[in-house]
Each structure stands twice: as C-alpha cells, then as structure tokens.
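Okay, so here's the structure we're looking at.
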Amino acid sequence: MAERDFYQILGVPRGASQEDIKKAYRKLARKYHPDINPGNKEAEAKFKDISNANDALSDPEKRKLYDEFGEAGLAAGFDADKARTYKQWQEQASRTGGWTGGAGGRAGAGGGFSAQEFDLNDLGDIFGDLGGMFGRSRAQARTGPVPGPDIEAAMDIDFLDAVRGFQTALSLQRPDGSGVLKPETIRVNIPPGAEPGKRIRIPGKGEPGVRGGPPGDLYITPRIRPHPLLTREGRDLTMELPITIGEAIRGATVEVPTPTGPVKVKIPPGAQSGQLLRVKGKGVPAHGKSPAGDLFLRLMVRVPKNGVASEAVEKIDQSYTEDVRKNLRL
C-alpha cells in the first residue's frame, strides 16, 4: 500500500507552521466529523485520515520522525536511535564489503535490529557498548537468565473510544530470540476512561528474555484526539447545549446525545446562557472501582439570525425586572 502524505491530506506545505496545521485540521474536522455526517462512511474514512495526519504533524517530535522515516517512524515501539545506528552500520558494511542486511535487514517497530541470521553476541563484538541497546550488557548475556526489556508504544485514540473503552488489534514488529524482527498482532483491551499519558500494561509482550529469562512487558501510552463538542475532566464530560430564547424563557424538554445514547433533558424555565445542567452517570462509564462520571451541559441561548419582530422584542425587554448589567463592575 502506498504511503500516505500527511501534508497533502491536510492541504498544507511541508514547511507549514504548527498554527497553520492546527487551522487546517480544525477546518477539515468540522467538515468531515462523523457526528456531523452520520452514516457517511466516506466522511468517516476521511476524518480518520485527517486525524492521523494531525496526530503526526501537530506533535513536533512525531513530525520530526515522520519527516525522517515516514509512517514507519510512527509505528508502535519504533526506536529512531537504533534505526539511525543500524542505517549507519549498513552503509559502512556496504562500503567495506561486509554484511548489508539482505532482504530482511531493516529497522522495525519492535525496537531491535533485523537480520536473516545473526548472533547477538557477535553484534556486541561489532558495536561494543551498543550491545546494551538490546536490553542487556555483553557480560549479562553470558551469565544466567536475563528478563527481556519492556517496550514503550504510543497509541492515538479517538475521544469517544477513550471514553467508552474498546478492544483493538495492535500490529508491531517484535524481535525473537535470535534478534530477527517478526510481525505480531496483539489484542489490546482499552478500558473506559483511558487518560492521556496514563500507561496501559500488556504483560509478556515486550522483548524476549535471554537464556530462558521471561519477556518484558508492553506499555501503551494513550494519546487522545480532541472532540469538536465534548471536553473531559477526570470522568466528567462537558458539552455546550444550544437552546432557543423560547426554551430558555418557558423551559422545555430536549433530546441530548451522550456517549451511551440519547437522553431527554429538562430545561428549567428562566434558564440562563452559561448555566450548567448535570446529567448524572452519563460521563465516562463505570469501570472496576471507578464510578461513572457525569455529563455537564452548558446552556447557550441562541438568538435567531434573521432577527425577531420588534413587538416581540419589546415584550421580552419588558419582562426584565432588574438591570441585567447592575453587577458589571471592574
């Protein structure tokens, strides 16, 4: 499959500033977001491409990796230092007529070097102290069992998926006992309420141990994509709820979308713009010992764009019993 050009997806040049990238993403996200295009598979696919492109280019470190290595640099567990070192070694070996890696020689997402046939102790002899890149020193490798090192990987997650929790398949390259990288698909359970920076541990899915040592663990760090309507604090969610002038004055019952489905919410008579309504238990779902969060609705009174008849406006103004700006003081 041809590699995607994230700059082209967002419609920005390679030298675009972070602010230009942010503006381009927001414009496209508003146009293609699934909440705005329900049931439109083409818009959903487009939104995913836009989100992936923004995830890569809005983060300076990820953008640097993408510019240098392409999408391979964003794979789970990818180690840029090892990839650069391996590339240099390949180039040197090619110049001196030594081993160049063959068809299997490339840097991969699992954090190790790839070779068709290669002994890790030989690699330590060639690279000296770089043998420690494989999670152990040469001296350790010659003694008893040594546990394998852990693998760190970041995962980009849609806002609502992080709220609801989900199961996904994670594909990555992991070295086997001989140091050869092999593809592996791992089933990962993301619990409801995944938080940015809070790692999720997958036992036994790190790099293999040495001389019978146990494998390390895989740690996934979620990176949550923003949502155009919802914000989150802990297990609580907040969303702006537009209401009409009439609904604010007389009160109303309106339907509101939530992560677990639509609910009916009662707007009290005399509701004010900016007023918060609490919908209990409709935030992040309960999980384990963590209770469900709440959904807070910030009422936003909307005035008709085409204006209101002057007679109606006068009647509304006459309904005020006090100066609305009486407490406006600096």
Side-chain angles (χ1 to χ4, degrees), residues 4 6 9-10 18-19 21-37 43-66 71 73-78 109 151-172 186-202 218-240 257-261 279 281-288 290-298:
R4 298 167 295 180
F6 288 158
I9 289 173
L10 292 182
Q18 292 299 115
E19 185 62 28
I21 289 172
K22 183 187 298 184
K23 288 180 180 178
Y25 167 71
R26 287 178 175 175
K27 180 180 178 181
L28 293 171
R30 284 194 295 268
K31 181 178 179 181
Y32 292 104
H33 198 281
D35 290 350
I36 300 174
N37 301 275
E44 182 179 348
K46 184 72 174 177
F47 179 75
K48 288 182 178 180
D49 286 341
I50 293 165
S51 298
N52 288 334
N54 179 67
D55 288 336
L57 302 184
S58 62
D59 183 319
E61 291 299 320
K62 292 179 70 176
R63 183 178 180 179
K64 183 177 179 182
L65 287 172
Y66 174 75
E71 285 191 71
L74 307 177
F78 182 85
I151 294 177
E152 298 275 350
M155 178 183 290
D156 298 307
I157 302 174
D158 285 333
F159 186 96
L160 287 177
D161 285 339
V163 167
R164 297 169 177 147
F166 66 104
Q167 186 181 81
T168 187
L170 178 64
S171 298
L172 71 162
I186 300 172
R187 300 299 300 181
V188 178
N189 288 313
I190 306 298
E195 299 179 35
K198 189 173 182 179
R199 300 190 308 172
I200 300 169
R201 176 174 172 261
I202 313 297
L218 170 63
Y219 286 90
I220 296 175
T221 302
R223 288 189 295 228
I224 313 301
R225 298 187 181 105
H227 193 277
L229 302 177
L230 293 166
T231 58
R232 177 180 166 189
E233 184 174 348
R235 302 190 74 80
D236 295 333
L237 304 177
T238 300
M239 179 175 66
E240 290 186 353
T258 77
T260 55
V279 185
K282 291 301 179 179
V284 176
H287 176 71
S290 300
D294 299 327
L295 172 63
F296 289 90
L297 303 173
R298 181 175 289 109

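The analysis underlying the following values was restricted to heavy atoms, covering all of them including side chains, and did not include hydrogens, waters or symmetry mates.
- Between R201 and Y219, the closest heavy-atom pair is CD-OH, 3.5 Å.
- Interatomic distance, CZ of R199 versus CG of L218, reported as 10.0 Å (0.5 Å rounding).
- Using modelled atom types, one side-chain atom of N37 and one backbone atom of K31 make a donor-acceptor pair closer than 3.5 Å.
- Rounded to the nearest 0.5 Å, atoms CG (D158) and OG (S51) are 6.0 Å apart.
- Residues passing the salt bridge (charged side-chain N to carboxylate O under 4.0 Å, His left out) test with D59, sequence neighbours excluded: none.
- The nearest pair of heavy atoms linking F159 to I224 is CA-CG2, 3.8 Å.
- In this structure, E152 CD and I220 CD1 are separated by 10.5 Å, a value rounded to the nearest 0.5 Å.
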As a quick check of understanding, evaluate side-chain contact (heavy atoms from CB on, under 4.5 Å) for R298 and F296, giving each step before the final call.
CA-CA 6 Å; R298 181 175 289 109; F296 289 90; over 6 Å; no
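- Heavy-atom neighbours of Q167 CD from other residues, nucleotides or ligands within 6.0 Å: above the threshold of 12.
- Remark: the R225 side chain and the N52 side chain contain an N/O donor-acceptor pair separated by less than 3.5 Å.
- For the atom pair CZ (R30) and CD1 (I50), the distance works out to 11.5 Å, reported to the nearest 0.5 Å.
- When every heavy atom of P259 is checked against every heavy atom of R164, the shortest pair comes out as O-NE, 2.8 Å.
- Judged by distance alone, the side chain of D236 and the main-chain N or O of D294 form a donor-acceptor pair under 3.5 Å.
- Using a 4.0 Å cut-off between a side-chain N of Lys or Arg and a carboxylate O of Asp or Glu, R223 and D55 do not qualify as a salt bridge.
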Using the side-chain contact (heavy atoms from CB on, under 4.5 Å) rule, take D49 and Y32 through it: C-alpha gap first, then chi angles, then the decisive distance, then the call.
CA-CA 10 Å; D49 286 341; Y32 292 104; over 6 Å; no
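- Between the side chain of R235 and the backbone N or O of G193, no donor-acceptor pair lies under 3.5 Å.
- Between H33 and H227, the ring planes lie perpendicular to each other; the angle is over 60°, past the 30° to 60° tilted range.
- Closest non-hydrogen pair, A53 versus I9, comes out as CB-CG2, 4.1 Å.
- Rounded to the nearest 0.5 angstrom, I200 CD1 and E195 CD are separated by 10.0 Å.
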Could you walk me through whether L230 and L295 pass the side-chain contact (heavy atoms from CB on, under 4.5 Å) check?
CA-CA 10 Å; L230 293 166; L295 172 63; 4.2 Å; yes
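- Between the side chain of Q18 and the backbone N or O of S58 there is at least one donor-acceptor pair closer than 3.5 Å.
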When you look at D161 and I190, which way does the side-chain contact (heavy atoms from CB on, under 4.5 Å) test go after all the steps?
CA-CA 9 Å; D161 285 339; I190 306 298; over 6 Å; no
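- Atom NZ of K62 is separated from atom CG of N54 by 9.0 Å, given to the nearest 0.5 angstrom.
- For the pair P285/V163, a side-chain contact is recorded, criterion being any heavy-atom separation below 4.5 Å from C-beta on.
- Residues A194 and R232 approach most closely at O-NH1, 2.9 Å, considering heavy atoms.
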